[in-house]
Amino acid sequence: MDQKVTHGDKLPWCGGIEVIHTPGHMPGHLSLYLAGTKTLITGDAVVIKDGKLAIANPQYSLDLDAAIGSLHRLLDYDFEQIVCYHGGLFSGNGREALHELIQAYKKR
């Protein structure tokens with residue numbers, strides 16, 4: 001069964017999943033927040049490259065400014081871990097790593 005979801009929708013699985021609209025890589029890209037485990041599943045919004053968080057292939061992001069805006073949106077959530085499609089589970093302080101990533105793109 002197909003179901004259309006939008007930013008902020010709450011899904012009943014896994015103790016509750018919140019849909020987060022994280023455009024940039026692709027216009028309709030979504031990430032997920034699992035409040036019960038304080039986990040962000042970022043899909044391609046961020047990846048792990050050489051042990052650090054990175055924008056997913058910036059040369060393939062359709063809108064880099066929107067991708068950076070999506071990083072800001074992820075910081076709105078109370079998370080303790082980040083799972084990326086490319087790289088798996090991030091080891092380290094995810095909140096600090098997202099701040100550092102945003103700062104790195106502000107300098108460009």
Following the transitive rule for hydrophobic clusters with a side-chain heavy-atom cut-off under 4.5 Å over Ile, Leu, Val, Met, Phe, Trp and Tyr, establish whether Leu75 and Val47 coincide in one cluster.
no

Leu40 side chain reached by Val46 side chain, heavy atoms, under 4.5 Å:
no

With sequence neighbours excluded, tell me which residues meet side-chain hydrogen bond (donor to acceptor under 3.5 Å, both in side chains) with Asp50.
none

Can you tell me which residue pairs pass the ring-ring contact (aromatic ring centres under 6.0 Å, His included) test with a partner in residues 16-45, sequence neighbours excluded?
Tyr33-Tyr77

Could you pull out the closest heavy-atom pair between Phe90 and Ala97, with the gap in Å?
CZ-CB, 3.7 Å

Residues clustering with Leu11 (ILVMFWY side chains joined when closer than 4.5 Å, directly or via others)
Val5, Trp13, Ile17, Val19, Leu30, Leu32, Leu34, Ile41, Val83, Leu89

Using the side chain to side chain donor-acceptor pair (under 3.5 Å) rule, collect all pairs that involve residues 84-96, keeping only residues at least two apart or in two chains.
Asp44-His86

Mind listing the side-chain donor-acceptor pairs of residues 62-72 below 3.5 Å, one per line with the distance, residues two or more places apart or on another chain?
| residue | atom | partner | partner atom | Å |
| --- | --- | --- | --- | --- |
| Asp63 | OD1 | Asp65 | N | 3.2 |
| Asp63 | OD1 | Ala66 | N | 3.0 |
| Ser70 | OG | Pro23 | O | 2.6 |
| Ser70 | OG | Ala66 | O | 3.2 |

For Lys10, enumerate each residue passing the salt bridge (charged side-chain N to carboxylate O under 4.0 Å, His left out) test, keeping only those at least two apart in sequence or located in another chain.
Glu18

CD1 of Ile82 to OG1 of Thr39: how many Å apart, nearest 0.5 Å?
10.0 Å

How about Leu98 and Phe79: do any of their side-chain heavy atoms sit closer than 4.5 Å?
yes

Atom pair CD1/CG of Ile20 and Asp9 - distance to nearest 0.5 Å
12.0 Å

Least distance between heavy atoms, Thr22 atom then Ser31 atom:
OG1-OG, 3.0 Å

